[in-house]
Amino acid sequence: MIEKRWIAETLFDDLGLRMSYWADKVICDTRTGHQHLVLFEQPFFGKMLMLDGATQITERDEFIYQEMMSHVPVLAHGHARDVLVIGGGDCGIAKEVLKHKAVERLTQVEIDPAIIAFSKKHFPEFTRPVFADKRFESVIGDGMQYVQRTKRRFDVIIVDSTDPMGPGKILFSEKFYAACKRCLNRGGVLVTQNGVPIFQPRELAASVTRFRRLFADGACYVAAVPTYVGGHLAIGWASDDRGLRHTSVKTLAARYRKAGSFSTKYWTPEVHAAAFALPRFIADLVAKAKPR
Ligand code: SAM
């Protein structure tokens, strides 16, 4: 029998709020070795994936997160050849990064092999082009250990992680950011999934403080993702090149044309530049984040 039920996102239980989604069909409800995975069919958002009670991806609005997490660092950098994704097992970010012809190698380090196997089955629109691309390398392992040990160097590191709990917690630590810096090429950039500032202000301030202890420039930019409930999603930004964050619309447009003007549904050169303009309450949070 097809199971139909309401499914609640429990990420903000401590704030006394839950967002509930009607599931026409629960496709999968299981515990992997690392986390609790629920995949269901939602009448508006299509297939929705939750891990440990937090929404990860939906068919309807995934493009916003994937495009802003990938095209912003790659096009701001301007000549990224080696890209590292930490987490990202659904392969949505990898699919976007590989649209950049100048990217020669993309390595994705995902801790949970079940997420990849599962995405191959349920999100083939992401995984198929990615696994068919010779530039793609999939590593199963802990992102923390990978950045601590690898001898490779990257131009862009994208941390497509779960929230700071369970296996994702370490990916918000200063030790992790320091290890990322160690394996960034000169002028490289690190971006991180950094939660919804109205509900998770401390997490954002803590990350930006850590960036600023380690990098010349630490900040965030924003995107509005309907299923990351709370208005703005903050995407953390760290680089030793202070100029990257201020790349002009004209330069971004030229780089995008050179990259092949692939189709996007959210990213434009103007949206890219504007994403760094922060609403006052977020700007204040970021301004308060000072190195010790
Ligand atoms: N778009 C999503 C979001 O922010 O809601 C993130 C999606 S992606 C599915 C997150 C992935 O990070 C998960 O597949 C999880 O297994 C992986 N992950 C969590 N902790 C990790 C770690 N320490 N090392 C590598 N991958 C990790």
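Atoms within a ligand are numbered from 1 in the order they appear, just like the ligands themselves.
Ring to ring, F276 and H246 are not that close: their centroids are 6.0 angstrom or more apart.
In terms of protein heavy-atom proximity, atom 24 (N) of ligand 1 is closest to G143 N, 2.9 Å. Among protein heavy atoms, the minimum distance from atom 18 (N) of ligand 1 is reached at I111 CG2, 3.9 Å.
Listed by number with element, the atoms of ligand 1 under 4.0 Å from a non-hydrogen atom of L171 are 20 (N), 21 (C), 22 (C), 23 (N). If you number the atoms of ligand 1 from 1 as listed, the ones under 4.0 Å from a heavy atom of Y228 come out as 1 (N), 2 (C), 3 (C), 4 (O), 5 (O). Which parts of ligand 1 touch T55 is read off a 4.0 Å heavy-atom cut-off, strictly below it: atoms 5 (O). For ligand 1, the atoms lying closer than 4.0 Å to a non-hydrogen atom of V109 are 25 (C), 26 (N).
Between E125 and K47 there is no salt bridge, since none of the side-chain N atoms of the basic residue sits less than 4.0 Å from a carboxylate O of the acidic one. Electrostatic pairing of E67 and K265 does not count as a salt bridge here, judged by no charged N lying under 4.0 Å from a carboxylate O.
Partners of H122 under the ring-ring contact (aromatic ring centres under 6.0 Å, His included) rule, at least two apart in sequence or in another chain, are F118. Judged as a side-chain contact (heavy atoms from CB on, under 4.5 Å), and not counting sequence neighbours, the contacts of T192 are V159, Y177, L190, N194, F211.
A donor-acceptor contact closer than 3.5 angstrom is absent between the side chains of D13 and T10.
Both the backbone and the side chain of T162 come within 4.0 Å of ligand 1, counting heavy atoms alone. Both the backbone and the side chain of P167 come within contact range of ligand 1, each with a heavy atom under 4.0 Å. Under 4.0 angstrom from ligand 1, the non-hydrogen atoms of Q193 all belong to its side chain. The proximity of Q35 to ligand 1, defined as any non-hydrogen pair under 4.0 Å, is limited to the side chain.
Taking the six-membered ring where tryptophan is involved, the planes of Y221 and W237 are perpendicular, since the angle between them exceeds 60° and thus also 30°.
Within the cation-pi definition used here (under 6.0 Å to the ring centroid, within 45° of the axis), R60 qualifies as a partner of F44.
Ranked by closest heavy atom to atom 13 (C) of ligand 1, the top entry among K169, E110, M69 is E110.
Taking only nitrogen or oxygen atoms, main chain and side chain alike, I115 does not reach within less than 3.5 Å of ligand 1. Remark: ligand 1 and I86 share no N or O pair separated by less than 3.5 Å (distance only, no angle test). Ligand 1 has a nitrogen or oxygen under 3.5 angstrom from a nitrogen or oxygen of D142.
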